[in-house]
Amino acid sequence: MTAHLEIRSTHRCFGGTQSFYEHTSEIIGLPMRFSVYQPPQAQEKKVPVLFFLAGLTCTEETFMIKAGAQRVASQLGMMLVSMDTSPRQTGIDGEADDWEIGAGAGFYLDATETPWSSYFRMESYVTKELYQLILSQFPADQERIGIFGHSMGGHGALTLALRNPGLYRSVSAFAPIAAPLHCPWGQKAFHHFLGNLPQSWREHDATALIEAGFQLPALLVDQGLDDPFLNEQLHLDRFEAACQLKGQPLNLRRHEGYDHGYYFISTFIADHLHHHYNQLA
C-alpha cells in the first residue's frame with residue numbers, strides 16, 4: 001500500500017525542489033516528518049540518493065536549512081533526504097525533559113526497553129520504512145544510495161551501514177559519536193533504550209562493530225579540533241585504531257579551529273557530496 005504523504009511545504013531551490021513531508025509511520029505508530037531535496041535532474045530520470053542523519057536536538061529541517069548542501073546536490077544531480085531524529089509526542093513520561101535522551105535523541109536504534117520500545121524504532125524506520133518510501137514515491141535510483149550524518153547522526157550513519165551490509169553503497173560522517181560504549185551520551189542512551197546488556201550495546205557501537213569484522217565502503221570522516229565534545233563524547237582515536245587494525249579504508253581529516261556545529265559542516269559539505277558521488281558512480 002502506498003503511504004499517504006502530507007506536503008507541509010515546497011520551495012524552489014537551485015533549479016530543484018526542497019520539500020517537507022509528514023506521514024503516519026507504520027513502524028513508529030505515530031506521525032513522522034522528513035525532508036527531500038530533488039535536484040533538477042530528477043525531473044527527467046532517477047538520481048542517486050543520500051540519507052542524512054542529524055544530531056541531538058535536531059529535526060528534519062536542520063540539515064536542509066543549515067548545511068548549504070542543495071547547491072552542490074543540484075550540480076551533481078543528487079537527491080538529499082533527512083528525517084526527524086526521534087518520534088514526538090509519544091506520551092512517554094518525561095520524553096522531552098532531557099535533550100540527551102528521548103525527543104530529539106532517538107540514537108537511530110530500535111529500543112528494546114519499556115517504555116521506549118513502544119515507539120522508538122528509528123533503525124527500522126530509517127532502513128526499512130523511509131528507505132522504501134523514498135524508492136517508491138520519488139525518482140530515486142535504488143542502485144545508488146548513500147548515508148551520512150553528524151554527531152549522533154554520524155553514529156547512526158556508521159552503525160546502520162555496518163549493520164545492514166549492501167543497503168548503502170557510500171558512507172561518510174561529520175564528528176560522529178564513534179565509540180558510544182565509552183562516552184556519557186552513548187552510555188545514557190544505551191542504558192535507557194537497550195537495558196544493561198553489554199552485547200546489545202556493542203551491536204550499536206561503530207568501533208566495536210569494526211573490531212568484530214564488519215566493513216564499510218571507503219569512508220570519509222571530518223572532525224573539528226576545537227570541537228568541545230571531541231575528547232569526552234566522540235572518541236575518534238578509538239575508531240581510527242580499530243579501522244587500522246581491521247583494514248577498514250578511512251580518510252579521517254582533522255581540522256584546526258573548527259567546532260561541532262553547522263559552520264563546520266557547511267565548510268566541508270561539498271567534499272562529502274563529491275565523495276558520495278564518486279562512490280556511487
Side-chain angles (χ1 to χ4, degrees), residues 27 34 46-54 78-83 106-112 120-136 138 140-174 176-181 186 189-190 193-194 197-222 235-236 238-252 272-273 275-281:
I27 283 177
F34 66 95
K46 292 185 176 183
V47 296
V49 183
L50 297 183
F51 287 84
F52 183 86
L53 280 55
M78 306 188 79
M79 186 183 301
L80 305 173
V81 177
S82 192
M83 71 295 302
F107 272 83
Y108 302 103
L109 52 76
D110 289 355
T112 58
F120 279 71
R121 295 188 285 270
M122 288 300 293
E123 177 173 10
S124 290
Y125 176 71
V126 173
T127 62
K128 296 177 182 176
E129 186 171 13
L130 184 60
Y131 189 98
Q132 291 300 324
L133 188 157
I134 295 300
L135 289 180
S136 66
F138 295 85
D141 185 344
Q142 64 180 359
E143 301 300 324
R144 294 189 291 167
I145 299 178
I147 191 168
F148 64 147
H150 168 234
S151 193
M152 176 186 72
H155 144 78
L158 296 176
T159 56
L160 296 191
L162 285 162
R163 288 168 53 82
N164 297 274
L167 205 60
Y168 306 102
R169 279 185 48 201
S170 61
V171 186
S172 72
F174 294 93
I177 303 172
L181 282 170
F190 288 177
F193 289 144
L194 302 174
L197 298 172
Q199 182 54 40
S200 67
W201 289 25
R202 293 185 63 81
E203 292 171 359
H204 295 276
D205 180 294
T207 299
L209 289 168
I210 293 290
E211 290 172 344
F214 290 81
Q215 288 278 302
L216 292 167
L219 181 62
L220 172 63
V221 176
D222 278 309
H235 294 294
L236 265 297
R238 288 180 181 269
F239 183 73
E240 182 180 36
C243 289
Q244 290 173 347
L245 179 65
K246 293 296 184 176
Q248 166 64 50
L250 170 65
N251 182 12
L252 173 53
H272 282 249
L273 294 188
H275 165 80
H276 288 273
Y277 180 81
N278 292 333
Q279 291 286 309
L280 298 173

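A quick note: this is a predicted structure, and the numbers were derived from the prediction, not measured.
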Item to complete: Just jot down the side-chain hydrogen bond (donor to acceptor under 3.5 Å, both in side chains) partners of H235, sequence neighbours excluded, or say none.
Response: none

Worksheet item: Considering residues at least two apart in sequence or located in another chain, which fulfil the ring pair (Phe, Tyr, Trp, His ring centres under 6.0 Å) criterion with H155?
Response: F107

Discussion item. Strictly distance-based, threshold 3.5 Å: is any side-chain N or O of S200 a donor or acceptor partner for the main-chain N or O of L197?
Written reply: yes

Worksheet entry | Side-chain heavy atoms of L50 within contact of L280, under 4.5 Å | yes

Worksheet entry | Donor-acceptor contact below 3.5 Å, side chain D110 vs main chain E123 | yes

Item to complete: Could you tell me whether a side-chain N or O of R169 sits under 3.5 Å from a main-chain N or O of Q279, the two making a donor and an acceptor?
Response: yes

Fill in: Of L162, L216, L220, the residue whose pairing with V171 passes side-chain contact (heavy atoms from CB on, under 4.5 Å)
L216

Discussion item. When you compare the side chain of F120 with that of L109, does any pair of heavy atoms fall below 4.5 Å?
Written reply: no

Practice prompt. Hey, could you give me the CG/CD distance between L252 and E240, rounded to the nearest 0.5 Å?
Written response: 5.0 Å

Item to complete: Only counting residues at least two apart or in another chain, list the ones meeting side-chain hydrogen bond (donor to acceptor under 3.5 Å, both in side chains) with H204.
Response: none

Worksheet entry | Y168/Y131 aromatic ring centres below 6.0 Å | yes

Worksheet item: Hey, which of R238, Q244, K246 is the one that makes side-chain contact (heavy atoms from CB on, under 4.5 Å) with I210?
Response: K246

Worksheet entry | Over all atoms of both residues, closest heavy-atom pair of D205 and L181 | OD2-N, 2.9 Å

Fill in: Between H275 and F148, ring centroids under 6.0 Å
no

